[in-house]
Asks: 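What follows is a single structure, and I will ask about it in a moment.
When a ligand or atom number is given, it counts from 1 through the structure's own listing order.
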Amino acid sequence: MDGNGRWAKKKFLPRLVGHNKGLESVRKIIEYCIKYNVKTLTIYAFSTENWKRPIKEVDGLLKLFSESISKESKKIHSNNIKLKFIGDTSLLTKALQIKIKEIEKETSRNKRLVLNVALNYGGRLDIVNSVNTFYNNKKRIKKITEKDINSGLYTKGQSDVDLLIRTGGQQRMSNFLLWQSAYAELFFSKKLWPDFDEKIFVNALYFFQNTERKFGSVSKST
Ligand code: FPP
């Protein structure tokens, strides 16, 4: 969801206005996922590196997360969406942690869409945590397998990423779902996140549909 800050700057507005506008695009992408039958959506709301931003922006973002969880929770549940937070939530305020646990529990049986919100998330942290959990539980094991690592990730039980969309013009992963995106198709758009719309979403789906996924093998037409 890159480009909130630049969107605001272009309009001579504070960066937080860009993040607020970005939240509207989050609502839109959830709608599109339901409309086009996408079963899992993961949004990168706050990375383990985002703490380096000015305190005012960090506080504003955390307030925005907290308020929107309270405001949207009913709608999320009534739309049959299962909400899951991935990342180290232990650094968040106690109140936010409680809110997160409550909504995760309330929506845990929902089936229409799994919505992962990556909050204080880092792909490297995810892998390191998984290995440590495994090591702490089974100290005498000599070899660790891919399955073992999968089973300790924040996204355990979910499938790998099929399609990764990044807006804002940069073409990098920024520590997002590194393990899970090993074979993801990468779609980059120059549009800034607040300007995200159905046309970009559908273009990304077409791009995915027209890409032959080889997973290291050869083309079926070879
Ligand atoms: C990156 O743009 C965006 C973020 C770090 C925050 C995204 C958060 C939201 C859109 C709010 C979502 C709310 C919930 C509840 C999940 P940037 O600030 O790096 O933009 P820039 O590259 O133009 O500076």
Side-chain angles (χ1 to χ4, degrees), residues 1-34 38 40-77 79 81-89 91-93 95-104 106-107 110 113-123 125 154-155 164-177 187-197 200-201:
M1 305 194 286
D2 202 10
N4 295 344
R6 276 166 286 161
W7 183 91
K9 195 174 174 200
K10 270 189 2 191
K11 294 182 157 43
F12 305 102
L13 294 165
R15 291 178 60 84
L16 277 170
V17 178
H19 294 312
N20 268 288
K21 190 75 186 162
L23 181 60
E24 283 177 31
S25 296
V26 173
R27 289 194 195 98
K28 283 194 268 179
I29 198 170
I30 294 171
E31 250 176 57
Y32 307 148
C33 283
I34 290 172
V38 170
T40 307
L41 168 70
T42 305
I43 54 170
Y44 204 6
F46 196 88
S47 78
T48 44
E49 287 74 36
N50 284 152
W51 297 105
K52 294 180 205 149
R53 293 187 175 213
I55 182 91
K56 204 172 142 203
E57 182 170 349
V58 171
D59 283 352
L61 273 169
L62 294 174
K63 192 161 165 252
L64 184 65
F65 301 144
S66 176
E67 284 173 1
S68 46
I69 297 169
S70 305
K71 249 206 274 180
E72 311 283 341
S73 62
K74 270 209 182 82
K75 210 164 139 203
I76 288 171
H77 191 35
N79 276 288
I81 297 168
K82 174 176 174 168
L83 191 60
K84 186 172 164 52
F85 287 82
I86 62 169
D88 182 5
T89 49
L91 288 186
L92 308 173
T93 61
L96 185 51
Q97 289 183 47
I98 292 168
K99 229 182 249 188
I100 284 174
K101 284 278 153 286
E102 274 172 8
I103 187 155
E104 281 188 333
E106 193 187 8
T107 62
N110 292 347
L113 172 73
V114 175
L115 173 59
N116 297 314
V117 178
L119 205 50
N120 195 21
Y121 177 85
L125 170 88
Y154 288 115
T155 53
L164 187 147
I165 302 174
R166 179 174 186 145
T167 57
Q170 309 292 343
Q171 303 198 354
R172 54 176 174 250
M173 300 290 290
S174 296
N175 206 9
F176 183 60
L177 298 175
F187 181 87
F188 298 104
S189 164
K190 287 203 171 80
K191 284 261 177 154
L192 305 176
W193 178 248
D195 294 325
F196 187 83
D197 60 16
I200 309 171
F201 186 78

Asks: What are the two closest non-hydrogen atoms of C33 and L113, and how far apart are they?
Replies: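 For C33 and L113, the tightest heavy-atom pair comes out as CB-CD1, 4.0 Å.
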Asks: Any nitrogen or oxygen of R6, main chain or side chain, under 3.5 Å from a nitrogen or oxygen of ligand 1?
Replies: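 N/O-N/O distance under 3.5 Å: yes.
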Asks: Looking only at protein heavy atoms, which one is nearest to atom 13 (C) of ligand 1, and what is the separation?
Replies: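 Residue, atom and distance for the closest contact: L23 CD1, 3.4 Å.
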Asks: For atom 6 (C) of ligand 1, which protein heavy atom lies nearest, and how many Å away is it?
Replies: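 Going by distance alone, atom 6 (C) of ligand 1 is nearest to A45 O, 3.4 Å.
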Asks: Atom CG of D59 and atom CD1 of I55: how far apart are they, to the nearest 0.5 Å?
Replies: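 One finds 4.5 Å between CG of D59 and CD1 of I55.
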Asks: Using non-hydrogen atoms of the residue, decide whether G168 is closer than 4.0 angstrom to ligand 1.
Replies: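 No, G168 has no heavy atom closer than 4.0 Å to ligand 1.
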Asks: Give me the residue, atom name and distance of the protein heavy atom closest to atom 22 (O) of ligand 1.
Replies: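 For this ligand atom, the closest protein heavy atom is D2 OD1, 2.9 Å.
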Asks: Can you find a heavy atom in the side chain of R15 that is under 4.5 Å from one in the side chain of K56?
Replies: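 No, every pair of side-chain atoms sits at 4.5 Å or beyond.
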Asks: Starting from atom 10 (C) of ligand 1, find the nearest protein heavy-atom neighbour and note its residue, name and distance.
Replies: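 Checked against all protein heavy atoms, atom 10 (C) of ligand 1 sits closest to N4 ND2, 3.4 Å.
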Asks: Could you list the atoms of ligand 1 found under 4.0 angstrom from a heavy atom of S68?
Replies: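 Heavy-atom distances to S68 below 4.0 Å select 15 (C).
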Asks: Give a yes or no on whether a salt bridge exists between K21 and E24, defined as a side-chain N under 4.0 angstrom from a carboxylate O.
Replies: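 Judged by the 4.0 Å cut-off on N to carboxylate O distance, K21 and E24 do form a salt bridge.
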Asks: Measure the shortest side-chain to side-chain distance between Y44 and L177 over non-hydrogen atoms and say whether it is less than 4.5 angstrom.
Replies: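 No; the side chains remain at least 4.5 Å from each other.
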Asks: Heavy-atom pairs closer than 4.0 Å: do any link ligand 1 to the side chain of I43, the backbone, both, or neither?
Replies: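 I43 to ligand 1: side-chain contact only, backbone stays beyond 4.0 Å.
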Asks: Give the residue, atom name and distance (to 0.1 Å) of the protein heavy atom nearest atom 1 (C) of ligand 1.
Replies: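 Protein heavy atom at minimum distance: M1 O, 3.2 Å.
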Asks: In this structure, does ligand 1 have an atom that sits under 4.0 Å from one of the heavy atoms of R53?
Replies: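 Yes.
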Asks: Answer yes or no for R15: is there a heavy-atom contact with ligand 1 below 4.0 Å?
Replies: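 Yes, that is the case, since the closest heavy atom of the residue is under 4.0 Å from the ligand.
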Asks: Decide, yes or no, whether a salt bridge links K101 with E104 under the criterion of side-chain N to carboxylate O below 4.0 Å.
Replies: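 So K101 pairs with E104 through a salt bridge.
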Asks: Does W7 reach the main-chain N or O of G18 with its side chain, forming a donor-acceptor pair under 3.5 Å?
Replies: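 No, W7 side chain to G18 backbone: no donor-acceptor pair under 3.5 Å.
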Asks: Can you sort out which atoms of ligand 1 are near N50, meaning under 4.0 Å from one of its heavy atoms?
Replies: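 Heavy-atom distances to N50 below 4.0 Å select 5 (C).
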Asks: What pair of heavy atoms forms the shortest contact from F176 to A118, and how long is it?
Replies: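 Reported closest heavy-atom pair: CE1-CB, 4.4 Å.
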Asks: When you measure from atom 4 (C) of ligand 1 to every protein heavy atom, which one gives the shortest distance, and what is it?
Replies: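 Heavy-atom neighbour on the protein nearest atom 4 (C) of ligand 1: H19 CE1, 3.8 Å.
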Asks: For ligand 1, which atoms sit closer than 4.0 Å to a heavy atom of G22?
Replies: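 Checking each atom against G22, I get 10 (C).
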Asks: Measuring from atom OG1 of T42 to atom NZ of K84, what distance do you get when rounded to the nearest 0.5 angstrom?
Replies: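 If we round to the nearest 0.5 Å, T42:OG1 and K84:NZ are 10.5 Å apart.
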Asks: Write out the residue and atom name of the closest protein heavy atom to atom 14 (C) of ligand 1, then the distance separating them to 0.1 Å.
Replies: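 For atom 14 (C) of ligand 1, the nearest protein heavy atom comes out as F65 CD2, 3.7 Å.
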Asks: How long is the straight-line distance from OG of S25 back to CG of D197, given to the nearest 0.5 Å?
Replies: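 Here the rounded value is 8.5 Å.
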